[in-house]
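Okay, so here's the structure we're looking at.
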Amino acid sequence: MFGKVLVANRGEIALRIIRTCREMGIQTVAIFSEADRESLHVELADEAYCVGPGPSGQSYLNVPNIMSAAVMTGADAIHPGYGYLSEQAQFAEVCESHGVKFIGPSADVIERMGDKAAAKRAMKAAGVPVVPGSEGAIRDEAEAVAVAEEIGYPVIIKAASGGGGRGMRVAYSRDELLRGLTVARSEAEVSFGSDAVYIEKFVEDPRHIEVQILADEHGNCVHLFERECSLQRRHQKVIEEAPAVGLDDDLRKRMGAVAVQGAESIGYTNAGTIEFLLDRDGSFYFMEMNTRVQVEHPVTEWITGIDIVKEQIRIAAGEPLGYGQEDIQLRGHAIECRLNAESPEHGFRPSPGTIVAYHAPGGMGVRIDSAAFSGWKIPPYYDSMFGKLSVWGRDRQEAIAKIRAALDELVVEGIATNIEFQKALVDSPAFREGKFSTNFIEKQFLPQYNRK
């Protein structure tokens with residue numbers, strides 16, 4: 001097992017990793033920007049080193065400074081968390097070249113799965129169902145039109161590298177396709193350094209279902225069931241659940257088996273997530289693979305009792321899983337709300353600033369993953385999420401009751417937050433009845449919310 005792990009991240013995920021390492025008897029090294037000097041992850045780690053100014057490009061993405069901290073402190077491994085360097089193949093290669101274990105899959109797999117078009121080809125070759133579309137990146141407008149007319153409108157244009165809704169446009173006609181192609185390429189270039197895009201059939205009103213997998217370095221691979229991630233705004237998840245709403249046992253088993261099949265076909269190791277679009281008729285299609293721990297991993301931990309971060313570290317250290325698919329049992333229901341420093345009443349404008357009062361909810365089956373505390377100044381440089389509130393219940397109705405009560409108890413003052421927005425979403429009939437798709441928030445919920 002590792003003696004010391006450097007955590008190449010910040011906020012709640014850095015805390016999550018540090019706490020797990022302490023439980024495992026592993027020393028930790030935190031990195032921080034000048035803006036995060038007073039953050040909790042800095043206080044909790046055994047050692048902490050500043051890697052640059054506030055902006056991420058000068059600190060949390062500063063590979064030379066991060067590797068210098070790792071080498072200087074004698075870290076055996078680096079855990080990248082999510083975001084930042086977690087899906088950068090080049091960073092995994094740099095770690096390897098310095099004799100530091102990257103806690104994640106190999107650089108080759110990260111690179112293959114990071115290119116959405118290449119990932120789709122790999123999954124198709126493995127027998128995983130994929131959405132009809134271009135075989136790779138679109139070369140020019142003529143090819144885009146030809147592909148769209150072959151598979152039929154509507155189509156969706158996607159950046160070949162990246163995610164989070166950037167470089168993505170839906171087109172219902174030839175004119176919309178040509179306009180969207182220009183905008184998507186421009187966004188992709190700015191966000192990911194490449195203007196490569198590909199085209200897929202746009203599945204209308206789908207659900208977004210993702211399957212968590214774990215694979216060790218000894219050929220063992222299992223799935224930890226699925227998560228419901230359909231409640232999104234601008235392709236960013238808002239509420240996640242596990243298991244997914246209304247899936248029967250047959251569909252659940254098929255999706256899990258296909259996810260494992262896809263992961264095994266590329267020699268995947270460590271924790272990963274295969275994401276699917278689920279059509280109204282029960283058909284499902286591969287969308288992408290995330291080669292890291294997910295923000296929403298707590299809901300899977302709730303329903304399986306498996307510590308995903310601990311398993312990541314164990315796998316990277318060369319340990320076998322020690323259990324098979326038949327040993328993993330689904331129990332109860334879990335729901336997670338993402339907590340953001342933003343103002344829903346003002347177009348979800350970010351709200352950095354100082355938290356003047358903070359109280360976290362508690363009780364049986366309630367968990368909060370957050371770096372927040374009274375007096376903490378949220379910097380303006382990073383994502384607005386400051387925490388995650390998750391709960392477990394014996395069934396979905398109990399979980400809904402718990403998440404609503406926990407949101408009521410949660411107090412965050414001094415900044416604008418999305419807490420009231422989350423309450424309204426949990427109270428909506430469509431959520432309580434499990435009748436929603438990926439466009440529910442933007443097309444149905446938000447218009448009503450904004451009128452109030």
Side-chain angles (χ1 to χ4, degrees), residues 116-117 119-135 147-158 163 165 168-173 176-177 198-213 223-233 235 237-263 265 273-290 296 299-300 303 330 333 396 428-445:
K116 301 299 190 301
K120 180 180 174 181
R121 289 195 298 270
M123 290 298 106
K124 185 176 181 181
V128 176
V130 300
V131 180
S134 58
E135 290 298 318
V147 169
E149 291 181 350
E150 179 182 350
I151 62 178
Y153 292 99
V155 297
I156 184 166
I157 308 161
K158 293 182 177 180
M168 189 179 293
R169 286 294 184 277
V170 176
Y172 287 84
S173 66
E176 287 186 3
L177 173 66
Y198 64 103
I199 292 177
E200 287 183 343
K201 177 69 178 175
F202 181 58
V203 182
E204 297 194 79
D205 295 323
R207 288 167 60 191
H208 181 155
I209 310 294
E210 61 186 29
V211 178
Q212 175 74 58
I213 63 100
H223 70 79
L224 306 184
F225 303 106
E226 81 290 343
R227 296 185 285 255
E228 175 79 63
C229 300
S230 300
L231 288 172
Q232 305 175 4
R233 188 187 72 84
H235 304 287
K237 299 163 189 174
V238 178
I239 292 180
E240 299 99 344
E241 302 184 55
V245 183
L247 261 64
D248 59 36
D249 288 341
D250 177 64
L251 181 55
R252 174 168 290 117
K253 288 177 181 177
R254 284 192 289 122
M255 293 186 81
V258 165
V260 169
Q261 177 181 324
S265 73
T273 306
I274 293 190
E275 307 201 354
F276 297 102
L277 287 179
L278 178 62
D279 209 343
R280 298 168 181 171
D281 63 2
S283 301
F284 60 92
Y285 308 97
F286 171 80
M287 184 168 57
E288 64 181 4
M289 184 174 195
N290 288 303
E296 58 272 21
V299 292
T300 296
I303 65 164
L330 190 160
H333 197 92
R396 188 170 188 266
S428 67
F431 175 77
R432 290 181 173 259
E433 295 168 13
K435 297 178 179 178
F436 48 76
S437 64
T438 54
N439 64 23
F440 168 71
I441 288 181
E442 292 187 301
K443 290 190 176 180
Q444 299 175 51
F445 181 76

Inset, instruction - Please say which of I239, V245, I441 ends up in a side chain to side chain contact (heavy atoms under 4.5 Å, CB included) with F436. - result: V245
Within a strict 4.5 Å, meaning less than it, do heavy atoms of the [X] and [Y] side chains meet?
X	Y	answer
K201	P154	yes
M289	T273	no
I209	C229	no
E135	K120	no
Y172	L177	no
M168	I157	no
E442	R233	yes
V299	E241	no

Closest non-hydrogen atom pair, [X] against [Y]:
X	Y	value
P243	E226	CB-OE2, 3.2 Å
E275	H208	OE1-NE2, 2.7 Å
V211	A259	CG1-CB, 3.6 Å
M287	K158	CG-NZ, 3.7 Å
I303	A242	CG2-O, 3.3 Å
A263	I213	CB-CD1, 3.8 Å

To the nearest 0.5 angstrom, please state how far the [atom1] atom of [X] sits from the [atom2] atom of [Y].
X	Y	atom1	atom2	value
E210	E288	CD	CD	9.0 Å
R254	D250	CZ	CG	5.0 Å
F284	I274	CZ	CD1	10.5 Å
F286	E200	CZ	CD	9.0 Å
F202	L277	CZ	CG	9.0 Å
L231	R207	CG	CZ	10.0 Å

Legend entry - Counterpart residues, side-chain hydrogen bond (donor to acceptor under 3.5 Å, both in side chains), relative to N439 (two or more places apart): D205, S437
Legend entry - G282 backbone acceptor or donor facing D279 side chain under 3.5 Å: no
Inset, instruction - Would you please name every residue forming a ring-ring contact (aromatic ring centres under 6.0 Å, His included) with Y198, sequence neighbours left out? - result: none
Legend entry - Lys/Arg cation over aromatic F276: R252, 6.0 Å, 45° cone: no
Inset, instruction - Consider only side-chain N and O atoms of H223 and Q212, and report whether a donor and an acceptor are under 3.5 Å apart. - result: no
Inset, instruction - Over 60° means perpendicular and under 30° means parallel, so classify the ring planes of F445 and F440, tilted if in between. - result: tilted
Inset, instruction - Name all residues meeting the side-chain contact (heavy atoms from CB on, under 4.5 Å) criterion together with E150; count only those two or more places apart in sequence or in a different chain, and write none if there are none. - result: none
